[in-house]
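See structure below.
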Amino acid sequence: MIKLNLRQNALHTLHHAVEHLHWSEVETPQKRGRSFNRDDHSVQWTTENGHLCSVAPDFTRLPLVYNLKFALLHLIQASELLLKSYVQQCEPTALFVRAGSRKTINLQTALNFTIERNPTLLAPGEVALLLEAKDFRNAIEHYEFDLGDKDLRTLCVDFLAICALLSQSLLSINIADAFSWDSVRDEPDEVAGYLSTILTSISETGRRPGRRAGELWVADNVSDRVFLCLNCGARAVSADRGICMGCGAEGDEDLVTLLEDFKTTILRTTELRKRLDRR
């Protein structure tokens, strides 16, 4: 039996989204000399006699970068499930469109419910991105999808940062911590290692939720020693784990200490000059 409650379903979907992001960066195995043309989905190669050959069947196994499509789908689903988990946690009956129905509310309704109770949680740009989710999902699932690799990856990482914030703020679950260990294999989870690098490429849209997620984790773990994250700007790098509990970036305590000492020296020098100028 495969069984997941709403909360488990949200985290499993989010974990799988990070896996797809990871797979999208793996180089696609292919026979030497062959290449994939994205415009017509053909496979091209040159024979020993110098003839250019091309084949475009109805189905061609796509390069691994196309995992970005599934990463975005899972991230959209994960954000919706995280919001619905919060709705269920606050008011179980509000999860459904009406009393006695088994049809759940949509993402926008769950988002409105959350914003009403947490008006400062999400910035306008983050709300706008979540509201765009239905258009992205509709294009992927029901029509055509055309977006550059770099733009699509940035979009995925921004959604991931928002999901990290929703998980931390609404459910008190830190995904960097939750995904850190594979209990079945009893070893570190590969996803955690990848998570600590992918969130370093967030755009300005994703930087704030990553930073905020770290700040919330620190507020819940006041006994843990932390230092500044040079990626997202939150003082949320766990000294024990060595990563930022907001954006997942690896931290360098020695470098941070050196930079902070340098900043302090500059401030003291500036103040000293002001005093000398007043004399």
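For reference, positions follow the sequence shown, starting with 1. It should be emphasised that the depicted structure is a prediction, and the values quoted were computed from it without experimental measurement.
Ion pairing of Arg117 with Glu91 is present here, as a side-chain N (NZ or NE/NH1/NH2) and a carboxylate O approach within less than 4.0 Å.
With sequence neighbours excluded, the residues satisfying salt bridge (Lys or Arg N to Asp or Glu O under 4.0 Å) with Arg185 are Asp182.
The closest donor-acceptor contact from the side chain of Asn49 to the backbone of His51 lies at 3.5 Å or more, if one exists at all. For Gln89 (side chain) and Leu170 (main-chain N/O), a donor-acceptor pair under 3.5 Å exists by modelled atom type.
Residue Met245 comes nearest to Ala176 through the heavy atom pair CE-CB, 4.4 Å, listed as atom of the first residue, atom of the second, then distance. The shortest heavy-atom contact between Leu11 and Ser167 is CD2-OG, 4.1 Å. When all heavy atoms of Arg7 and Ile173 are compared, the closest pair comes out as NH2-CD1, 3.3 Å.
Linking Ile, Leu, Val, Met, Phe, Trp and Tyr whenever their side-chain heavy atoms come within less than 4.5 Å puts Leu129 and Phe145 in one cluster. A single hydrophobic cluster is not seen to contain both Trp23 and Phe159; linkage of ILVMFWY side chains at heavy-atom distances under 4.5 Å, directly or through other members, places them apart.
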Compile the donor-acceptor pairs under 3.5 Å between side chains in residues 132-142 and protein atoms, sequence neighbours left out, one pair per line.
from: Lys134; atom 1: NZ; to: Leu131; atom 2: O; distance (Å): 3.3
from: Arg137; atom 1: NH1; to: Glu80; atom 2: OE1; distance (Å): 3.2
from: Arg137; atom 1: NH2; to: Glu80; atom 2: OE1; distance (Å): 2.8

Side chains of residues 53-65: which donor-acceptor partners sit under 3.5 Å, not counting sequence neighbours?
none

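Results of the side-chain hydrogen bond (donor to acceptor under 3.5 Å, both in side chains) test with Lys84 over Thr114, Asn9, Thr104 single out Thr104 as the only residue that passes.
The local environment of OH in Tyr194 is crowded, with over 12 non-hydrogen atoms from other residues, nucleotides or ligands closer than 6.0 Å.
Glu19 and His22 form no side-chain donor-acceptor contact under 3.5 Å, judged by distance and modelled atom types alone. Side chains of Asn112 and Thr109: a donor-acceptor N/O pair is absent below 3.5 angstrom, by distance only.
Distance check, rounded to the nearest 0.5 Å: OG1 of Thr120 to CD1 of Ile115 gives 11.0 Å.
For the pair Leu82/Cys163, a side-chain contact is recorded, criterion being any heavy-atom separation below 4.5 Å from C-beta on.
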